[in-house]
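Basis for what follows: all heavy atoms, side chains included, without hydrogens, waters or symmetry-related copies. Sequence lines set the chain letters: A, B, ... in the order given, protein chains first and strands last, and positions in each chain run from 1.
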Protein chains: 2
Amino acid sequence: MFLGRYEHTIDEKGRITIPSKFREMLDGSVYVTQGFDGNLQAFPSELFELLANQVRSISYLDANSRRLRRILFANAEQIKFDSAGRILLPAFLRDTANLTDNAIVVGSGEYFEIWSPENWRAQQTSLNDIEANETRFSALDLNTLQ
Amino acid sequence: MFLGRYEHTIDEKGRITIPSKFREMLDGSVYVTQGFDGNLQAFPSELFELLANQVRSISYLDANSRRLRRILFANAEQIKFDSAGRILLPAFLRDTANLTDNAIVVGSGEYFEIWSPENWRAQQTSLNDIEANETRFSALDLNTLQ
DNA sequence: GCGTCCAAGGAACATCTGTTCTATCGCTCC
DNA sequence: GGAGCGATAGAACAGATGTTCCTTGGACGC
């Protein structure tokens, strides 16, 4: 499971070091895609391939299915680590997530995310907002857990 | 799997470099056809042959089947790479996709697409649109994956 | 102190692009 | 019909750019 938060630099070449704890759980590469909230998402191979297979199984004669393919595949890249544990983020991915000098790498369970510091701060949800949505988030209620 | 996005130039001769990562997955040539969305589609040989067989097996008494045949056969070309990894796009294919100086080469899973920058921008779907279409795109829900 | 991890940068290599040169084809004109 | 011409395709090369590999140094924790 990917846990925790790390602030790492992005160098002039567009490279970022993946935290070594995260690397341990990967097989030498990650699939990085555009996220939903102005961030990037990084998936271990097996997980991304599951996603990809689902999308591939839809007929490509359907216009919506082609759009879905584009979103998943055109905005994604399989990136290998270099010997120092870095990945080179392609320019189009850096652009979609506003990444320049620094990035915040955030564990998110079975995948992790990469944020620009600005976008990260902007999206921070206060815990009070969550409290206000009690019913939707009832799964988080300790009493209901087994 | 074809992933990512590359902006490449089209030179005066009408040639475009295929990204080397894509070439690695091809056997020295691609089948390029008219796409459904103002773009071109490029298929590895095996996949094109599968498609072709499928389309041929549908009765030609069916109007949709005849249209498919035209898209797949009339507007298709098998194109070999030159020694620098470029393909020469015939004029009629460039015309159907509005290609002049630049093109965006877009991974789309087991095939890839070639777009003019204008057409590409025009069709871009934002990820927020997807969220608004939750049910249609439920295939992307991590929970549903096995 | 030693090992691990991250930051930074140089060097080697691969890729992309523009250009040149040659071969081929079709056409025109003699 | 054959020679000459232009247009097009293909092969090869060179420069610029981008990517990968490798090394170094500093910070931190054990």
Between the side chain of B:Arg94 and the main-chain N/O of B:Thr100, is any donor-acceptor distance below 3.5 Å? no
Taking atom types as modelled, find out whether A:Asn75 and B:Arg5 have a side-chain donor-acceptor pair closer than 3.5 angstrom. yes
Taking every non-hydrogen atom, the tightest pair across A:Pro117 and A:Asn102: CD-O, 3.4 Å
Between B:Glu49 and B:Arg56, is there a salt bridge with N-O shorter than 4.0 Å? no
To the nearest angstrom, how far is B:Ile79 atom CD1 from D:dA9 atom C1'? 13 Å
Where along residues 95-104 of chain A does a heavy atom fall under 4.0 Å from DNA chain D? none
With a 3.5 Å distance limit and no angle check, can you tell me whether B:His8 reaches the backbone of B:Thr17 through a side-chain donor-acceptor pair? yes
Among D:dC21, D:dA12, D:dG10, find the nucleotide with the atom closest to the side chain of B:Arg86. D:dA12
Any salt bridge between B:Asp82 and B:Lys13, counting N to O under 4.0 Å? no
Heavy-atom pair with the smallest gap, counting every atom of B:Tyr6 and B:Leu3: CE1-O, 4.0 Å
Do B:Trp115 and B:Leu89 sit in the same hydrophobic cluster, where Ile, Leu, Val, Met, Phe, Trp and Tyr count as joined when their side-chain heavy atoms come under 4.5 Å apart? no
Could you give the CD1-to-C1' distance, from A:Ile87 to D:dC21, as a whole number of Å? 17 Å
Ion pair check, A:Arg66 and B:Glu113, cut-off under 4.0 Å: no
Validation row, ring centre A:Phe43 to ring centre A:Tyr31 under 6.0 Å: no
Students should find this one: the first and last nucleotides of DNA chain C, 5' to 3', lying under 4.0 Å from a heavy atom of chain B. What are they? C:dT15 to C:dT20
Check the distance between D:dT19's P and A:Leu89's CG and give it to me in whole angstrom. 11 Å
Counting only heavy atoms not in B:Glu118 (residues, nucleotides, ligands), do more than 12 fall under 6.0 Å from its CD? yes
Could you state the NZ-C1' distance from A:Lys80 to D:dC21, rounded to the nearest angstrom? 13 Å
May I ask you to list the residues of residues 11-30 of chain A, by number, that have any heavy atom positioned under 4.0 Å from an atom of DNA chain D? A:Lys13, A:Arg15
